[in-house]
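Owing to the predicted nature of the structure, the values given are computational and were not obtained by experimental measurement.
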There are 2 protein chains.
Amino acid sequence: MPSLRDVAERAQVAVSTVSAALNGTRPVAAATKLRIEQAAAELGYRPNLLARGLQSKRTRILALLYPAPRGGFGLTEMQFATGAAEEARELGYHLLLSPENADPIEELRHLTGLGLVDGVLLMEVRLDDERVDFLTRAGVAFSMIGRTREPGPIDYADIDFAVTARDAVAHVAGLGHRKLAFFNHSTDAYAAQYGPAIRAGAELAGAAALAGIGYVDDFRPGSAEEGGRAFEALLSAHPDVTALAVMDDHVAVGVLAAVAARGWRVPRDLTLMLVLSSSRVAEMFRPRLTTMEPPSAELGRLGARLLIDRLEGRARSLGEGGPRQRLVPCRLVIGDSSGPPRRQVP
Amino acid sequence: MPSLRDVAERAQVAVSTVSAALNGTRPVAAATKLRIEQAAAELGYRPNLLARGLQSKRTRILALLYPAPRGGFGLTEMQFATGAAEEARELGYHLLLSPENADPIEELRHLTGLGLVDGVLLMEVRLDDERVDFLTRAGVAFSMIGRTREPGPIDYADIDFAVTARDAVAHVAGLGHRKLAFFNHSTDAYAAQYGPAIRAGAELAGAAALAGIGYVDDFRPGSAEEGGRAFEALLSAHPDVTALAVMDDHVAVGVLAAVAARGWRVPRDLTLMLVLSSSRVAEMFRPRLTTMEPPSAELGRLGARLLIDRLEGRARSLGEGGPRQRLVPCRLVIGDSSGPPRRQVP
DNA sequence: TTGAAAGCGCTAACAT
DNA sequence: ATGTTAGCGCTTTCAA
């Protein structure tokens, strides 16, 4: 690999001039610049990132931190990662994939101590997240995909649960439904302070109230079987529920089975929709399920962009330099599982 | 961040001694070593990877190259990535996520020119893959997840299609089936030299022949609808087919619908199985589908390991230093869609 | 067994 | 407008 010196020799100038010409750090005579660029091109010169980073304290490398997938990574998580990687690449950055081990803080301490990364992108942020405290204290630049309970002045990109809930409720209310049920994530996820579960529940409740329709979310099945049972329990407790939103794909499977078992059909007897599931999953059901599809890749891109903006001080220049927090709603993808409410049995 | 010099001062020794003590590069008196380690610990010293890399030409960073997902990444691809990242971390390496843009070779030239990565992990390898030629010529260390038509002396980890096919055929033959059909990937994927599609088809044919059962794979539906139609076409052309394996989840959806439409049931009238689909997907069907689940995370891990072994010269030390090629079969996960053949209508 | 010093490839003062 | 030089933090001869 040719170095700056090789280019300098070939162009008959000093290394600092080459550096300046290539980086635009200081004015260089047009003629010299041309010679330099030509020499660099002929040699196939590429700046050595390590040398540059060692000197400038900037590597243009970002780390994406994620908990080692408990139940295996879903499509959604993957899209955060690929979205972030693409945005980073387009802005001239690299993305390091950093699975967390048992001790995320130690992991972070290690990672940031290496001098390898300029900033950190946090995935799977919990409502109370120790990683956030650590990074803040350590003065490391970071942004979140998702957010803590009180993000304060921290950059993040997250789902706009308020708008998502409003859209979901508007969808079912528009079809004429008067009472919506919601099967949130399992109690475990809820207890684990899983932000989306808690926010989705709260916002759906609010949106339903605002729209003046009934709302229930007492059930939190965690599997297909539990989903089926929860559905039956739901109907006996609330026979007037005609629309159901569920967070978990597997639960939807169980609900559909229970619907069929009692001789009902979707959407004739029940409007069923997914929340936070990709349309690729939704369309594997029959009937194809309506879903509120999360803007995963977009959130990944945004998270990366926010971080890079901050690193480059752009956050400060435009606007007042405060935190930049971006909310993106899910997209309503209407399948074949949405319809008017069933005629109530008398 | 404390540097080597800080540690050296605190321990009252020369920097070179600290380096030696911490890396075991040369003998250091036990007492000195202890002092040094203590000083390092007290200071919370972390070696600067950039400085080390600049000097040693080794960064312990690997790049995972993948084509920007055409139809979006599947679960399988994701697991390659997380598997590789975990293995890398456990072996003291970092993994860079590198989406390819329009020009993969230029991308590669850039990436390897930066001096940032020690080696490259190739995903989505096609039967003829220009990236392989480039890396070989450029003398860059790499390994593949998947393989070219003639991998020659290149390290790779791939699915053992022969064993997978044999297991799949044994499964259906063991249930008493005498004729198996296979819906391969769509013609597009086939034409795109997608290795798994081509190898799976070839090996299933071979395995069926060896087991002495009939085999058809004339159909290549690419969607649920095409899957349904293909199924009907299959039955009229080969009414004696009682077992069907499909590569594509969506196609399975269509087949199930067609089965139901003609008043049939799975597995009573048809044994249906997935090939190369994760069990998480398979269990979302009703009935739960039998699947040959790809060892994705394992392949990711192996790919990373092979590459690291080579980088550390371990490939050469043990054995004769030739390429290391690892094949791992899919795992048969039996669902509720496998059963004995239907009684043939006369 | 340890220390001194050179240098990896680059950036950024400081000089000219 | 360009050249000279001093490091960034580390590894690695070479001396002592």
Discussion item. So A/L64 and A/L96, do their side chains get closer than 4.5 Å, heavy atoms only?
Written reply: no

Fill in: Distance, rounded to the nearest Å, where A/R35 contributes CZ and D/dA1 contributes P
15 Å

Practice prompt. Before giving the answer on side-chain contact (heavy atoms from CB on, under 4.5 Å), spell out for A/I61 and A/V117 the whole-Å C-alpha distance, their side-chain angles and the decisive distance to 0.1 Å.
Written response: CA-CA 5 Å; A/I61 299 177; A/V117 304; 4.0 Å; yes

Item to complete: Test A/D118 against every option in A/R58, A/R310, A/R60, A/K57 by the salt bridge (charged side-chain N to carboxylate O under 4.0 Å, His left out) rule and name the one that passes.
Response: A/R58

Worksheet item: Do the non-hydrogen side-chain atoms of A/T59 and A/L50 ever get within less than 4.5 Å of each other?
Response: no

Discussion item. Would you say that B/Y156 contacts B/L327 through its side chain, given a criterion of any heavy-atom pair below 4.5 Å between the two side chains?
Written reply: yes

Worksheet item: Can a side chain N or O of A/T17 be found less than 4.0 Å away from OP1 or OP2 on D/dA1?
Response: no

Response to the item:
Contact string for nucleotides 9-16 of chain C, one letter per nucleotide 5' to 3', B = base within protein heavy-atom range under 4.0 Å, S = sugar-phosphate only, - = neither, reads BSBBBB--

Worksheet item: Considering only side-chain heavy atoms of B/T32, which listed nucleotide, D/dT2, D/dG3, C/dT2, is closest?
Response: C/dT2

